[in-house]
Amino acid sequence: MLRELRADDLLELQRILNATEAFTAAEVEVAMELLEIVIKEPGQRDYEVAVAETSGKVAGYVLFGPVPATLGNFDLYWIAVDPAAQGTGVGQHLLAYVEEEVRRRGGRMVCLETSSQGGYGRTRSFYGKAGYQLESRIRDFYKPGDDRLTYVKRF
Ligand SMILES: CC(C)(COP(=O)(O)OP(=O)(O)OC[C@H]1O[C@@H](n2cnc3c(N)ncnc32)[C@H](O)[C@@H]1OP(=O)(O)O)[C@@H](O)C(=O)NCCC(=O)NCCS
């Protein structure tokens with residue numbers, strides 16, 4: 001089940017972000033700042049969140065939004081699923097929701113960025129299976145030897 005973000009989800013989502021072991025402390029901080037913007041600024045239109053629940057428990061979330069000053073381009077900024085719920089289709093469900101919303105609004109494409117490092121191999125296969133194509137690589141973007149990969153899905 002997917003639903004809107006609530007203020008009392010924040011602690012649990014922080015726990016999930018840390019538990020994935022996919023993000024540095026600085027990345028978790030940025031992820032939390034974006035979630036707080038969604039809670040504290042109900043009028044803003046830059047970021048949207050869908051929270052996934054399984055058996056009444058928060059299982060993950062996705063944060064996305066229209067890329068400012070572009071026509072019909074959306075960015076998938078963050079996606080995380082509780083390790084206890086990974087591999088059960090929650091991520092796919094969250095991704096499908098984003099794509100459905102983007103299409104409903106006449107969006108042309110979804111972009112997302114990820115790291116070339118080994119630990120993200122599973123994430124890259126997740127995006128590949130969902131039809132995202134690697135369209136750019138900036139070498140050493142995150143740190144020497146850690147490239148920024150941009151994946152795109154066009155509608
Ligand atoms: C990437 C992530 C969101 C995927 O969510 P998920 O709920 O585990 O994924 P799903 O169960 O929907 O699986 C969808 C596809 O992902 C891949 N996948 C899922 N579990 C996998 C596993 N154990 N091993 C390899 N691939 C796997 C498969 O391609 C799978 O397709 P399949 O069902 O045909 O096998 C989740 O693993 C996660 O939170 N990872 C850490 C955070 C992260 O890397 N976020 C993205 C930062 S850019």
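Numbering of ligands and ligand atoms starts at 1, following listing order.
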Next item on the list: List for me each residue that meets side chain to side chain donor-acceptor pair (under 3.5 Å) alongside Asp75, sequence neighbours excluded, and say none if there are none.
Entry: none

Margin query: Counting only heavy atoms and a distance below 4.0 Å, can you name the residues contacting ligand 1?
Written below: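 Around ligand 1, where the cutoff is 4.0 Å for heavy atoms, the contacting residues are Thr20, Ala22, Phe23, Ile79, Ala80, Val81, Gln86, Gly87, Thr88, Gly89, Val90, Gly91, Gln92, Glu113, Thr114, Tyr120, Arg122, Thr123, Ser125, Phe126, Tyr127, Lys129.
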
Checklist line | Side chains of Val90 and Gln86 in contact at under 4.5 Å (non-hydrogen atoms) | finding: no

Notebook entry, point to check: Between CD of Gln117 and OH of Tyr142, what distance do you get to the nearest 0.5 Å?
Noted result: 10.5 Å

Check: If you measure from CG on Leu149 to OG1 on Thr114, what distance do you get to the nearest 0.5 Å?
Finding: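 The distance works out to 6.5 Å.
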
Notebook entry, point to check: Which pairs pass ring pair (Phe, Tyr, Trp, His ring centres under 6.0 Å) with one or both residues in residues 71-95, sequence neighbours excluded?
Noted result: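 Sorted result for residues 71-95: Phe23-Trp78, Tyr47-Tyr77.
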
Check: For Phe126, what residues pass the ring-ring contact (aromatic ring centres under 6.0 Å, His included) criterion, not counting sequence neighbours?
Finding: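 So Phe126 forms no ring-ring contact (aromatic ring centres under 6.0 Å, His included) with any residue.
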
